[in-house]
Each structure stands twice: as structure tokens, then as C-alpha cells.
There are 2 protein chains.
Amino acid sequence: MQMDERKRKILRAIVLDYIATAEPIGSRTIARKFDLGVSPATIRNEMADLEDLGLIEQPYTSAGRIPSDAGYRYFVDCLMDPQELSEEQKKTIERESTKQIHEIQEVISHTSKLLSELTSLTSIVLGPHKGKSTFGKMHFLPYQPGQVIMVIVKENGVVENHIVDVGENLTVEELQHVAGVFNQKMRGYSPGQVKRSLLHDIYSELSRQRILIDNTMDMLRTILDDHDGDERIYLGGTLNMLNQPEFKDLDKVKTLFKVFEENGSLKKLLHPLHEGLNVTIGGENMLKEFRDCSLISASYKVNGITIGAVGVLGPTRMDYGKVIAIVDCMTRSLTGVLTGRRL
Amino acid sequence: MQMDERKRKILRAIVLDYIATAEPIGSRTIARKFDLGVSPATIRNEMADLEDLGLIEQPYTSAGRIPSDAGYRYFVDCLMDPQELSEEQKKTIERESTKQIHEIQEVISHTSKLLSELTSLTSIVLGPHKGKSTFGKMHFLPYQPGQVIMVIVKENGVVENHIVDVGENLTVEELQHVAGVFNQKMRGYSPGQVKRSLLHDIYSELSRQRILIDNTMDMLRTILDDHDGDERIYLGGTLNMLNQPEFKDLDKVKTLFKVFEENGSLKKLLHPLHEGLNVTIGGENMLKEFRDCSLISASYKVNGITIGAVGVLGPTRMDYGKVIAIVDCMTRSLTGVLTGRRL
DNA sequence: TGTTAGCACTCATCAAGTGAGAGTGCTAAC
DNA sequence: GTTAGCACTCTCACTTGATGAGTGCTAACA
């Protein structure tokens with residue numbers, strides 16, 4: 001059995017109506033709402049075929065039909081008219097995106113908020129990963145008696161500072177000497193890679209400042225080995241999920257929000273995606289908790305290099321056309337805002 | 001009508017049983033479960049009195065009774081036996097509190113997590129406010145061509161760093177000169193307080209570095225005027241609320257979580273509290289969304305000065321004795337961990 | 001041969017009704 | 001002052017029946 005034009009029209013009608021109403025749709029309703037020029041009986045026959053093809057299903061005997069995952073997939077791939085955002089919406093995105101250009105974190109979190117507001121769904125944004133977290137350069141600055149500020153510049157350009165206990169008061173020259181040795185020996189390494197010999201070198205060159213060295217190495221370990229610090233997950237509009245009729249069941253809400261809470265799995269969800277825009281429908285999803293959800297995601301770039309991703313999560317019954325258009329526009333805008341900017 | 005010993009016993013029984021079962025409790029059940037030595041009928045008479053006193057109420061005619069807000073209040077103030085944590089629990093708190101002593105943020109967020117786990121309720125922790133965010137000292141460090149790292153030490157000891165565009169390449173000496181002027185003129189001021197005259201001084205002393213000055217002042221404004229940066233709210237175990245029978249209604253969950261999302265109101269909730277431990281029951285609460293909730297909160301100190309607060313939020317029907325003991329122990333432990341430490 | 005009308009059948013949903021159970025207030029006896 | 005007894009109330013869970021939407025099948029139709 002093959003899909004013909006009429007089957008396609010009927011499937012399209014079912015998907016569109018179900019997206020709009022969240023109610024199973026019957027042959028009669030299709031005939032009434034969509035002008036296909038055939039009677040409900042004919043539509044019934046076609047629907048039986050569509051069910052055999054696995055594109056639609058019945059929640060229970062003698063209810064209307066709803067699209068299956070495969071049905072949504074067919075719809076997204078073949079039936080959907082590509083949707084354009086209105087000029088007004090585009091302008092909103094442009095305006096909002098360029099509003100907070102101060103810190104990159106603000107840009108990202110603002111993006112997340114905007115996405116969830118525009119779609120009335122949940123947005124998941126994977127913050128920029130910033131290249132390898134290896135040692136670049138170090139400075140010491142005076143702080144309090146017995147303590148100094150250690151400023152670390154990582155090789156990817158990220159700057160962090162921490163307070164380090166010195167042990168006893170050291171002179172500016174001594175501090176500069178210590179920093180100099182670190183800078184000379186450690187560039188490009190992570191503490192895990194620092195070989196015994198190297199550490200030995202540092203110790204032997206700097207005998208008196210043992211406490212400082214130990215504390216500094218401790219600090220470096222926590223700073224540089226902390227891979228979670230980069231790539232933060234930003235969630236927006238999680239509450240929107242509660243408005244979806246598919247989540248009027250408390251247990252579903254619980255399992256869903258549990259996933260939101262531990263964002264490790266969310267990272268996995270967004271990570272392995274291909275370049276450009278992806279649509280993941282229902283069971284195609286890696287997380288079983290998201291079996292009833294679809295994810296529209298896309299990667300964003302800085303200076304041509306993919307460094308993060310944004311996604312919109314909603315029930316499988318979502319307005320794919322609209323959401324895809326919004327996500328697409330958003331990543332373009334984000335890429336535009338970020339390009340030419342130092343992270 | 002006065003409270004006598006028997007009335008107290010009955011009220012206590014009602015509160016305890018309702019806390020445990022979440023079901024209205026009748027005279028017969030009280031007589032059976034609690035050994036008061038009187039018959040259900042007598043208890044009924046006493047319950048009628050307690051209802052007249054406003055301490056208990058009936059959800060509907062001929063259901064059992066449940067405590068009113070006033071009933072809980074009486075229970076907490078007069079009837080509750082002060083509860084001690086088991087040695088094991090105390091040890092857990094001690095051990096967990098001292099585990100993450102690295103960053104103060106980690107200590108706080110860990111506290112929040114621990115609190116919600118121990119109570120199976122929602123924890124709200126108000127992070128430390130760090131005194132006045134006024135200018136303390138500034139350093140410049142080399143970064144990229146045309147950019148420098150500006151390190152700001154605020155008067156409260158907080159250190160932050162930001163990248164500043166220099167305009168053109170300046171020498172280390174020039175940078176030090178700029179920093180020196182800032183350090184001399186601005187200590188103790190917030191940018192809002194910087195008078196025109198002072199700014200004029202800085203400009204006139206540093207003619208060539210106009211771009212650097214402008215960018216630096218911009219940065220300072222955002223860094224020092226950002227009051228929200230301090231006093232972050234940490235939430236833990238929000239999902240625990242979903243396990244409470246009083247929140248099996250989705251609409252309640254929605255309004256509750258809406259409050260969690262915008263943490264401005266949460267700050268208000270914790271802020272105006274007195275020193276030491278507070279119990280806020282049901283309608284006593286400032287937020288109408290929390291009318292069905294009680295909040296056990298306490299402030300914590302560093303070196304004798306109150307700098308933040310922790311709270312546990314649950315349904316009015318919560319185990320006050322246990323939660324109070326936990327919150328109390330927790331703030332003590334937190335105070336202990338933080339005391340002697342620089343923020 | 002594809003399309004349509006008719007019809008019997010299925011199933012969820014809703015409203016009304018019913019009985020059990022828990023609890024109360026009142027009264028009268030102890 | 002306390003208690004037993006009793007009529008009464010109200011919720012809850014369950015049943016029942018009507019309704020309506022929708023289906024699949026069959027036979028007639030173009």
C-alpha cells in the first residue's frame with residue numbers, strides 16, 4: 001500500500017487538528033473541518049489504511065485517531081509547509097537578542113527565556129563550551145595578610161580568580177617568581193597531566209614557598225578539572241509544561257521535572273546532535289522520560305565554529321512549523337550576536 | 001472557656017495524628033489510638049470546645065477534625081516536646097557540612113540540598129550578603145592585545161575580574177598609573193556616588209587613556225551596582241512538594257512553582273525575619289501562595305554577624321518538631337563552618 | 001472499481017442513584 | 001461530669017443508564 005495524495009491530505013488534517021485540539025479526531029470531523037470533497041465513509045477507509053501503515057493510532061476502540069510518532073515524522077518531513085515568522089516576531093527576536101550584550105551568560109540565559117516565551121514551551125540551552133581547560137597563565141595579586149589573589153587565564157581565554165593562603169608573608173618579588181615558574185612549566189597542561197617530574201621541578205625551584213605551591217596546585221586542580229563549569233544548561237519555561245494537557249497527570253510531571261533537575265542527561269540530549277536543525281520526535285528520543293515529547297534543537301556558532309546548542313522541548317503534539325521557525329531564527333540571531341565576540 | 005489539660009492532650013493528639021496521616025481525625029479514632037482514659041463521646045464534647053476556640057476545624061460536616069493555623073500555632077508554642085536529633089543525624093549534618101569547604105557558594109548550595117533531603121521538604125536558603133559593594137582596590141593584568149584583565153577587590157572582600165578594552169596598547173606602567181589613580185580616588189565609593197568632580201579629576205589626570213577609563217567606569221557600574229549578584233536564593237527539593245498529598249492538585253503546584261521561579265518574593269519571605277529561629281504558619285505567611293504552607297527559618301552568622309538565612313518550606317501539616325530540630329542544627333553547623341572564614 | 005449511505009456495535013464520559021462508613025450533636029441515663 | 005445510644009449528615013466508591021462520538025462492515029450506487 002502506498003501513500004497517495006488523498007492519504008497525505010488526511011494525515012495532514014489529522015496532525016494539524018490534533019496539534020490544535022489535543023483531542024482524537026474522527027472521520028466525520030475531518031470531513032466537516034477540512035474540505036476534502038469526500039464523505040466520512042471514504043475517509044474512514046483511508047484512515048484504516050493509514051493505521052495499517054503505522055502513521056496513526058487509536059487510543060481505544062471507537063475513539064478518533066491520533067498521529068503516531070511515525071505520523072509526526074512523516075508530517076515534519078513531507079507534509080509541513082515551511083513556516084515563516086511574521087516580521088513583527090522576527091523584529092522581537094532581533095531586538096531582544098541584542099538587548100543584553102554585556103556578558104555571554106546573560107545573552108544565553110536571555111535567549112532561553114525568550115525561546116520559552118515565544119513558544120510557550122520549555123527551552124533548553126547548552127551554554128558555550130570554551131575549548132580545552134588547560135593552564136595558560138597565572139598572576140598573583142596582594143589581598144590580605146597571608147593571602148593572595150590568584151588569577152588564572154586558561155588557554156581558552158577564560159579568566160578566573162581565587163584566594164590562596166600563602167602560609168607566611170611573601171614579598172611581591174617572591175610571588176612573581178612563583179608565578180613565573182608556573183607559567184614557564186605548566187602552559188598547555190591540565191593538572192592531571194602534570195607529570196611527577198614537572199612537579200618535582202617546581203618544588204625544587206621553589207623550596208621556601210611550599211604552602212603556597214600546595215594550595216595553588218589544589219586550586220588549579222579544582223579549577224581546571226572542573227569540566228562542568230563550562231557548558232552550563234539553561235532551562236526556561238519549565239512551568240509551561242504544566243499547561244499542556246498531556247501533563248495533567250502528576251506522575252508524568254514528577255518524572256519530567258526530575259530530569260530537569262539533574263541536568264547531566266539534558267546535556268547528553270543536546271550534545272550528540274548534528275550540525276544545523278534537528279527534530280527528534282517521541283520515542284526517537286534518547287531519554288525514556290521524554291517519550292511523549294519532541295525536541296527541536298539547533299546548534300549555534302561563533303566565528304563559524306559550533307560551540308553550543310539551543311532546544312525547545314514540548315509534547316509530541318507541538319506546532320512543529322512554528323517552533324522550527326522560531327528555533328531557526330533564534331540560532332541565526334544568536335550566532336549573529338556572538339560572532340566577532342570574544343568568549 | 002479555657003484550655004485545660006485534657007483539651008491540650010486532645011489537641012496534641014489531633015495535630016500529631018493529622019501530621020502523620022493527612023486525614024481528618026474523629027473522636028473514636030483518638031480514643032482508640034491515644035490512651036486518654038475517656039470515651040469518644042467525652043472527646044466529642046471537648047472537640048466542640050476546641051472548635052469554638054478556633055483551634056481545630058471540620059473540612060465538612062461530619063468529617064473528622066483537622067488543626068487550624070491557630071491550632072498548629074498553639075501546638076508549636078505550647079504542646080510540642082522539643083525534639084533532639086539522633087546522634088547519627090547530627091553526625092551526618094556535621095560530616096556533610098564540612099565536606100565542601102572550598103567555595104562559600106558550594107557550602108550554601110550543599111546546605112540547601114542537605115536540608116531538603118533530611119526533611120523531604122523544600123529548602124530555601126538565602127545566600128550571604130556581603131556587606132556594601134563599594135570599590136576597594138583595582139589591578140590590571142595583561143590579557144590580549146588591546147585588552148586587559150581588570151581585577152576588582154570590593155570593600156567587602158569579594159574579588160571579581162572582567163575583560164576591558166583598552167583602545168590602544170598601553171604599557172604596564174601606564175596601566176599601573178591608571179589603576180593607581182582609581183585606587184586613590186574611589187575607595188569606599190560606589191559608581192553611583194562618584195561625584196562629577198571626582199570623575200573630572202580622574203579624566204584630567206589620565207588624558208590619554210580615555211577609552212580605558214570609559215570602559216572601566218562602565219564595568220565598575222555593572223559590577224558594583226549589581227545588588228542581585230549577592231544574596232542569591234538557593235532552592236532545594238522543590239520536587240518534594242509534589243509528594244505531599246496537599247499538592248496533588250495541579251493548580252496548586254502551578255502557583256507554588258511560579259513563586260519558586262521568580263525568587264524575588266522568596267527573598268522577601270526570608271528577609272524581614274528576626275534573629276534566631278522563626279516558625280511561620282499558614283496564613284501568617286506574607287505570600288498568599290503559601291497560605292497552605294509553613295516555613296521554619298533561621299538566620300546564620302559569620303563571626304557573630306547575621307548574614308543570611310535558611311528555611312524549610314512544607315505544608316502546614318509538617319513535622320514541626322523534627323524540622324525545627326534540623327533547621328536549628330543546620331544553622332549552628334553552618335555558622336560554625338563559616339565562622340573564622342573570609343567571605 | 002471506487003465511493004457512499006446505512007446500520008449495528010463499541011467505548012468513554014457524565015449524571016444520577018445507592019449503600020457503606022465515618023463522624024457528629026443531642027439527649028438521657030449513670 | 002461522663003458515657004451510651006441514636007438519629008442524622010456527609011463523603012466516597014460504586015453501579016447504572018443514557019448519550020454521543022466513532023468505527024467497521026455491507027450493500028447499493030455511479
Side-chain angles (χ1 to χ4, degrees), chain A residues 1-11 13-15 17-18 20-68 71 245-246 248-249, chain B residues 1-11 13-15 17-18 20-68 71 245-246 248-249:
Chain A
M1 186 175 9
Q2 280 297 326
M3 290 295 282
D4 56 24
E5 192 49 34
R6 195 166 63 191
K7 282 195 181 57
R8 266 193 281 274
K9 274 187 181 165
I10 291 175
L11 177 57
I14 293 174
V15 173
D17 194 79
Y18 187 64
T21 65
E23 301 283 328
I25 177 170
S27 52
R28 193 197 169 94
T29 321
I30 295 182
R32 201 161 10 93
K33 280 200 191 173
F34 298 80
D35 195 22
L36 301 182
V38 289
S39 79
T42 309
I43 294 176
R44 272 206 290 286
N45 289 330
E46 297 285 38
M47 283 165 91
D49 291 351
L50 286 172
E51 189 160 4
D52 287 344
L53 287 167
L55 296 173
I56 58 179
E57 48 197 25
Q58 268 181 307
Y60 51 85
T61 329
S62 86
R65 305 304 217 289
I66 62 174
S68 68
E246 24 274 283
K248 63 179 194 292
D249 177 20
Chain B
M1 188 174 10
Q2 278 297 325
M3 288 295 282
D4 55 25
E5 193 48 35
R6 194 166 65 190
K7 282 194 181 56
R8 267 193 280 273
K9 273 188 180 164
I10 291 175
L11 176 58
I14 293 174
V15 173
D17 193 81
Y18 187 65
T21 65
E23 300 283 328
I25 179 171
S27 53
R28 192 197 170 97
T29 320
I30 293 182
R32 199 161 10 94
K33 280 199 190 174
F34 298 81
D35 194 22
L36 301 182
V38 291
S39 78
T42 310
I43 296 177
R44 273 207 289 286
N45 289 331
E46 296 287 36
M47 282 164 91
D49 290 352
L50 286 173
E51 190 161 1
D52 286 344
L53 287 167
L55 296 173
I56 58 177
E57 48 199 24
Q58 269 183 306
Y60 50 84
T61 329
S62 85
R65 307 303 218 289
I66 61 174
S68 66
E246 23 273 283
K248 62 179 197 290
D249 178 18

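Here is how names work: the chains are called A, B, and so on, in the same order as the sequence lines, proteins then strands, and each is numbered from 1. Below, all heavy atoms of this structure are taken into account, side chains as well, without hydrogens, waters or symmetry copies.
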Drop me the distance from B:S68's OG to B:I56's CD1, to the nearest 0.5 angstrom. 8.0 Å
Rounded to the nearest 0.5 Å, how far apart are CE of B:M47 and CG of B:L55? 12.0 Å
Expressed as a whole number of angstroms, how long is the span from A:R65:CZ to C:dC11:C1'? 14 Å
To the nearest angstrom, how far is B:I10 atom CD1 from C:dT24 atom P? 11 Å
Just need the stems in DNA chain C: three or more back-to-back Watson-Crick or G-U pairs, each with both distances under 3.5 angstrom, sorted by first number. C:1-30 with D:1-30
For DNA chain D, what residues of residues 30-50 of chain A have any heavy atom nearer than 4.0 Å? A:R44, A:M47
Quick one, [X] and [Y] - any side-chain contact, counting heavy atoms below 4.5 Å?
| X | Y | result |
| --- | --- | --- |
| B:I14 | B:I10 | yes |
| B:L50 | B:R65 | no |
| B:L11 | B:M3 | yes |

Partner residues of A:A48 under the side-chain contact (heavy atoms from CB on, under 4.5 Å) criterion, sequence neighbours left out: none
The correct set of residues in residues 20-27 of chain B placing a heavy atom under 4.0 Å from DNA chain C is B:G26, B:S27
Polar side-chain atom of B:E46 near backbone of B:K7 as donor-acceptor pair, under 3.5 Å: no
On a heavy-atom basis, the closest approach of B:P59 and B:E57 is CD-O, 3.8 Å
C:dG21 phosphate, OP1 or OP2, under 4.0 Å from B:R28 side-chain N/O: no
Is B:R6 close enough to D:dT2 that one of its side-chain N or O atoms is under 4.0 Å from OP1 or OP2 there? yes
For residues 24-36 of chain A, tabulate all N or O donor-acceptor pairs below 3.5 Å that involve a side-chain atom, not counting sequence neighbours.
unit_1	atom_1	unit_2	atom_2	d
A:S27	OG	A:R44	NH1	3.2
A:K33	NZ	A:D17	OD1	2.7

Produce a footprint string for nucleotides 7-15 of chain D: one letter per nucleotide, 5' end first; B if the base is under 4.0 Å from any protein heavy atom, S if only the sugar-phosphate is, - if neither. --BBS----
